[in-house]
Amino acid sequence: MQWSVAQLETHDHARWDAFVQRCPSATFFHRAGWQQVIENVLGHPTWYLYAESAGQIQAVLPLAQVNSRLFGNTLCSLPFCVYGGIAALEDGAAAELDLAAQQLAHRLRVDHLEYRHRQSIHADWLHKDLYATFRKPLHADHDQNLLAIPRKQRAMVRKGMAAGLDSVIDNEADRFYDNYAASVHRLGTPVFSRRYFRALQQAFGDDCEILSVQQNGKAICSVMSFHFRDEILPYYGGGGDAARALAGNDFMYWEVMRRAVERGRRLFDFGRSKYGTGAFAFKKNWGFAPQPLHYDYQLHRGKKLADVQPLNPRLQLLIRAWRLLPLPVANALGPHIVRQLG
């Protein structure tokens, strides 16, 4: 079979997304909307490649280049996303995109090419054992989902219920952003801009949902989730002191789960976390089994992979210093830094 490789154009977004919806190996992060967010908000060039035969798309590969003075020059599928890489219905089409990506990485003279598949497709490339993802089927019955949560964590959910917390869907991102920004600042992590989250809402519409947990009408924690086929992916979130005192985060994720079931979702994707972190332990405590993510890295100009992650001792001093910044200063500086991380 003869394959032709092309780059995505605006008029082809619907055709690209239709393929993503029907391709079993595709994920929410393969959707075309990420291209405009990464280019227009984060300022990185993209190459959204697809292979087709007889006018039918058979494989897609979204790529973006993050060229950072601090962290190197990378061609990745897909930065700022948990999953990516090649999504294909035909092996031949996948091979064509794989070759095209390697040739592009060579032309761009990047340090390395990175695929963020859920399962490695290149055993001979380099890998980092940093992350695991957490995915679990949902029951149609709420009581079964609640009982599937281990006892101690289930008690925290009930604590939030007993505190009189309630959840609402927010159309605007402001309350979410305030909770998210305060939370990541406490962790020593640079924050994305408000514009970034508004762009996600615009790009994905009803498939991008913000849930806030309230006490007496005040949002104490919030989460932005993505809907994809029968999956729900809570992706960005946070809360402050009140959320920790009232088990607001536990109640929040339960509400995400409960509402998702009512929308017909049958799989809860808790996203990735680094081994040895509090987020990793939290998700395990919810009864989710970690599934290792072995991202594929092919060196080009680079001699080795940079250790760009918070557990690197060299970055610990920067993290501690970032926590000391006043929140308004951190919110102003954060978007300029986080866009370089990928």
Side-chain angles (χ1 to χ4, degrees), residues 28 33 37 41 80 82 134 138 142 145-146 149 153-187 189-228 231-265 268-271 273 278-279 282-283 285-286 327-328 330-331 334-335 338:
F28 179 81
V37 174
V41 180
F80 311 100
V82 174
F134 297 80
L138 293 173
H142 295 312
N145 287 321
L146 187 59
I149 302 171
Q153 209 69 33
R154 188 167 66 246
M156 298 297 287
V157 175
R158 295 193 186 280
K159 178 180 177 179
M161 294 175 177
L165 303 180
D166 67 293
S167 69
V168 295
I169 300 300
D170 283 343
N171 293 323
E172 302 296 328
D174 290 338
R175 297 203 303 174
F176 156 79
Y177 190 82
D178 291 342
N179 281 314
Y180 157 79
S183 181
V184 298
H185 179 254
R186 188 175 65 252
L187 296 172
T189 303
V191 68
F192 284 100
S193 66
R194 291 180 187 268
R195 181 181 171 221
Y196 172 73
F197 294 108
R198 290 169 181 156
L200 290 174
Q201 288 182 293
Q202 183 176 4
F204 300 116
D206 290 342
D207 290 334
C208 177
E209 181 179 81
I210 294 175
L211 180 144
S212 291
V213 169
Q214 301 181 140
Q215 183 191 38
N216 299 324
K218 180 180 179 180
I220 63 171
C221 52
S222 304
V223 61
M224 176 178 279
S225 301
F226 301 132
H227 291 264
F228 180 68
E231 302 179 14
I232 180 71
L233 300 86
Y235 201 62
Y236 296 108
D241 293 338
R244 292 191 295 277
L246 298 170
N249 290 313
D250 299 273
F251 179 76
M252 179 175 71
Y253 288 115
W254 164 250
E255 285 293 284
V256 170
M257 187 178 291
R258 182 184 66 80
R259 288 173 177 267
V261 168
E262 292 179 353
R263 284 188 60 172
R265 307 303 180 239
F268 193 99
D269 188 323
F270 231 151
S273 289
F282 179 81
K283 293 170 185 179
N285 290 341
W286 268 72
L327 184 58
N331 286 354
V338 74

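Residue numbers count from 1 along this sequence.
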Task: All ring pair (Phe, Tyr, Trp, His ring centres under 6.0 Å) counterparts of Phe226, not counting sequence neighbours - done: Phe28, Trp34, Tyr235
Task: Test side chain to side chain contact (heavy atoms under 4.5 Å, CB included) applied to Glu209 - qualifying residues, sequence neighbours left out - done: Ile169, His227, Arg263
Task: Partners meeting side chain to side chain contact (heavy atoms under 4.5 Å, CB included) with Ala260 (sequence neighbours left out) - done: Ile232, Arg265
TODO: Apply side-chain hydrogen bond (donor to acceptor under 3.5 Å, both in side chains) to Ser167 and list each qualifying residue two or more places apart in sequence or on a separate chain.
DONE: Glu255, Arg259
Open item on the list: Could you check whether any side-chain N or O of Lys159 sits under 3.5 Å from a backbone N or O of Ala245, counting only pairs where one atom can act as donor and the other as acceptor?
Closed with: yes
Open item on the list: Going by the rule side-chain hydrogen bond (donor to acceptor under 3.5 Å, both in side chains), which residues pair with Arg158 if we only count those two or more places apart in sequence or in a different chain?
Closed with: none
Open item on the list: If I compare all heavy atoms of Arg186 with all of Gly240, which pair ends up nearest, and what's the gap?
Closed with: NH1-CA, 4.3 Å
- [ ] Drop me the distance from Gln215's CD to Phe251's CZ, to the nearest 0.5 angstrom.
- [x] 11.5 Å
Task: Shortest non-hydrogen contact from Arg195 toward Val41 - done: NH1-CA, 3.9 Å
Task: For Glu231, all residues meeting side-chain hydrogen bond (donor to acceptor under 3.5 Å, both in side chains), sequence neighbours excluded - done: Arg135
Open item on the list: Once rounded to the nearest 0.5 Å, what's the spacing between atom CZ of Arg154 and atom CG of Asn285?
Closed with: 13.0 Å
Task: Residues that Ala279 engages under side chain to side chain contact (heavy atoms under 4.5 Å, CB included), provided they are two or more places apart - done: Ser273, Thr277
Sequence neighbours excluded and cut-off under 3.5 Å, please list the side-chain donor-acceptor pairs for residues 196-203, or say none.
{"from": "Tyr196", "atom 1": "OH", "to": "Tyr236", "atom 2": "OH", "distance (Å)": "2.7"}
{"from": "Arg198", "atom 1": "NH2", "to": "Asp174", "atom 2": "OD1", "distance (Å)": "3.0"}
{"from": "Gln201", "atom 1": "NE2", "to": "Asn171", "atom 2": "O", "distance (Å)": "3.0"}

Open item on the list: Taking salt bridge (Lys or Arg N to Asp or Glu O under 4.0 Å) as the definition, give me every residue that meets it alongside Asp166, ordered by chain and number, with sequence neighbours left out.
Closed with: none
Open item on the list: Among residues at least two apart in sequence or on other chains, which ones pass side chain to side chain contact (heavy atoms under 4.5 Å, CB included) with Asn179?
Closed with: Ala219, Ser222
Open item on the list: Using the side-chain hydrogen bond (donor to acceptor under 3.5 Å, both in side chains) criterion, which residues pair with Asn249? Sequence neighbours excluded.
Closed with: none
- [ ] Please name all residues satisfying ring pair (Phe, Tyr, Trp, His ring centres under 6.0 Å) with Phe268, sequence neighbours left out, ordered by chain then number.
- [x] Phe270, Phe288
Open item on the list: Test your reading of the model: is there a side-chain donor-acceptor pair from Asp170 to the backbone of Glu172, 3.5 Å cut-off?
Closed with: no
